[in-house]
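Before any comments, here is the structure.
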Amino acid sequence: MDDTKDITRDFGVLYHPVSALVVYQTKGMDKETYVEHFDMDRNGNPVNAHPLTVREANHLVKALQTKAEKGQTFLKSKGILPATILHIDPSEKGSVLWYTKAQSRPLYFTQSLGITNGRASVPPMLWHATKNSLSVYALATGRRPTESTPLYHAPFFNIYENGNVCMGTVTVDIKNVASVQDFTRAWETYFFKSYFSHLMGNHNPVKGNCVSLWKKLIGTNEPFPKGMLKKNDRTLKNLL
């Protein structure tokens, strides 16, 4: 009995070989080069050897340029860099650190919390995001933070004690060519348009009852009560 099990589907994204190039060179001072193109059969074996055509070479050049262009445009600014941007890592797996001042935002809650959806004031916030993850923190003031600025727990549901946001079933789609403005705007939209549903474990992000706090603030123009914010043990420098 053959107990062999195909587990390749569990590896994540699989890339299958479709072609290969072999470069030949003559010996001596004046080297001549010849490039041979191979197709691949269903088993990954090279077949149909033939000289590299101009069309195939152009396809290769286009593919390489596209990848390079993506790396050059990701997290680039559309014009002058916004003053709210604190730090950018523009690599392919890069990140952005930015802040927002106190503002009024529409907030959404699941029925289980018993909080009416509506607009409410939120405190100044610090955001730290990659293409796939988001962490948020609260700030005591709307002034531009420095490395020594103390961080507070963001006073929302669905946030772990370390600041990481649980996005639940929200589909996050940050493009590889996103500008820094598009990147930060997209993450703020994802965060505020998702439904807050529960606290994470035993973590209570505010001084008092989080449900009661938002029930009181929703639908009013009251500023967020900064006295409800809880300090954590981090500063902005810990995120750099």
Checklist line | Option among Phe191, Trp214, Tyr108 that satisfies the ring-ring contact (aromatic ring centres under 6.0 Å, His included) test with Phe196 | finding: Phe191
Note to self: If you count heavy atoms of other groups shown closer than 6.0 angstrom to CD of Gln25, is the number above 12?
What the structure shows: yes
Check: Is the closest side-chain donor-acceptor distance between Thr235 and Glu147 under 3.5 Å?
Finding: no
For [Y], is there any backbone N or O sitting under 3.5 Å from a side-chain donor or acceptor partner on [X]?
X      : Y      : value
Arg119 : Ser104 : yes
Asn117 : Phe109 : yes
Tyr190 : Asp173 : yes
Ser212 : Asn209 : no
Lys230 : Asn204 : yes
Gln181 : Lys78  : yes
Asn162 : Asn164 : yes
Arg144 : Ile85  : yes

Provide the closest heavy-atom pair for [X] versus [Y] in the form atom of the first, atom of the second, distance.
X      : Y      : value
Tyr99  : Ala83  : CE2-O, 3.9 Å
Thr116 : Ile218 : O-CG2, 3.4 Å
Leu217 : Pro223 : CD2-O, 4.2 Å
Ser197 : Phe157 : N-CB, 4.2 Å
Tyr195 : Asn158 : O-OD1, 4.2 Å
Thr141 : Pro124 : O-CB, 3.4 Å

Note to self: Run the side chain to side chain contact (heavy atoms under 4.5 Å, CB included) test on Gln103 and Ser121 for me, step by step, so that the C-alpha distance in whole Å, both residues' side-chain angles and the decisive distance to 0.1 Å come before the verdict.
What the structure shows: CA-CA 6 Å; Gln103 57 185 315; Ser121 298; over 6 Å; no
Is there a path of hydrophobic side-chain contacts, each under 4.5 Å between heavy atoms of I, L, V, M, F, W or Y residues, that connects [X] with [Y]?
X      : Y      : result
Met125 : Met167 : yes
Met228 : Tyr152 : yes
Leu239 : Leu134 : no
Trp187 : Leu86  : no
Leu229 : Leu151 : no

Margin query: side chain to side chain contact (heavy atoms under 4.5 Å, CB included), that's the test. Do Leu81 and Ile88 meet it? Break it down for me.
Written below: CA-CA 11 Å; Leu81 192 67; Ile88 300 176; 3.8 Å; yes
Margin query: Within this structure, what is the SG-CG distance for the pair Cys166 and Leu199, rounded to the nearest 0.5 Å?
Written below: 12.0 Å
Next item on the list: Measure the spacing between CG of Asn48 and CD of Glu36 and express it to the nearest 0.5 Å.
Entry: 10.0 Å
Note to self: Suppose we call two aromatic rings close when their centres sit under 6.0 Å apart. Are Trp127 and Phe192 close by that rule?
What the structure shows: yes
Next item on the list: Compute the centroid of each ring, for His128 and then for His87, and state whether the two points are separated by less than 6.0 Å.
Entry: no
Check: Side chains of Lys76 and Ser179: closer than 4.5 Å at any heavy-atom pair?
Finding: no
